Amino acid sequence: MFGWECDPARDGRLTIAEYREQFLGKVGHQATISGHMGSKRGTAANLAKVRCTLAQVFDSFAIFEVDDSKRRQPGCRRTLCVDFASVHSGDTVVEWL
């Protein structure tokens, strides 16, 4: 799905399969996710940091439920999709709580 291949022996980063396995072990765990939103990277305006709970893991991405109960309307649930390529490249940072 993504146009890159990671050689762990070369750069020490995980492959997509290894990210998937790592995330599968964290289902139900809370995390703080920060990353760039939009095309103007490097500006403070498009940096976002949210607190989430890992809900589901797929082949190349994970779905998080956003923990914003103070602003949530009844019956409304916000989700966040994080692809493993963005975590690999450093565009998205996931910190497990």
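We use all heavy atoms of the structure for the numbers below, so side chains are in, but hydrogens, waters and symmetry mates are not. Small disclaimer: the values here were computed from a predicted structure and weren't measured.
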Listed by chain and number, what are the side chain to side chain contact (heavy atoms under 4.5 Å, CB included) partners of Ala17, not counting sequence neighbours? Thr15, Arg20
Joint cluster assignment, Val27 & Phe64, ILVMFWY side-chain distance < 4.5 Å: yes
Heavy-atom distance under 4.5 Å between the side chains of Phe84 and Val57, does that happen here? yes
Heavy-atom pair of closest approach, residues Gln22 and Lys26: O-CG, 3.4 Å
Ignoring hydrogens, what is the shortest heavy-atom contact between Ile63 and Cys81? Give both atom names and the distance. CD1-CB, 3.9 Å
If I compare all heavy atoms of Val50 with all of Cys52, which pair ends up nearest, and what's the gap? CG2-SG, 3.5 Å
Are Ser60 and Asp83 close enough that some pair of their side-chain heavy atoms sits under 4.5 Å apart? no
Applying side chain to side chain donor-acceptor pair (under 3.5 Å) to Gln30 and not counting sequence neighbours gives Asp67
What about Val94 and Leu24, same hydrophobic cluster or not, with Ile/Leu/Val/Met/Phe/Trp/Tyr joined at side-chain heavy-atom distances under 4.5 Å? yes
Can you name the closest pair of heavy atoms from Ala62 and Leu54 and give their distance? CB-CD1, 3.7 Å
Report the distance from atom CD of Glu95 to atom NZ of Lys49, rounding to the nearest 0.5 Å. 5.0 Å
Taking every non-hydrogen atom, the tightest pair across Asp59 and Ile16: O-CG2, 3.5 Å
Hey, what do you get for CD1 (Ile33) to OG1 (Thr92), rounding to the nearest 0.5 Å? 8.0 Å
Can you name the residues that form a side chain to side chain donor-acceptor pair (under 3.5 Å) with Thr79, not counting sequence neighbours? none
Any side-chain heavy-atom pair from Phe23 and Trp96 closer than 4.5 angstrom? yes
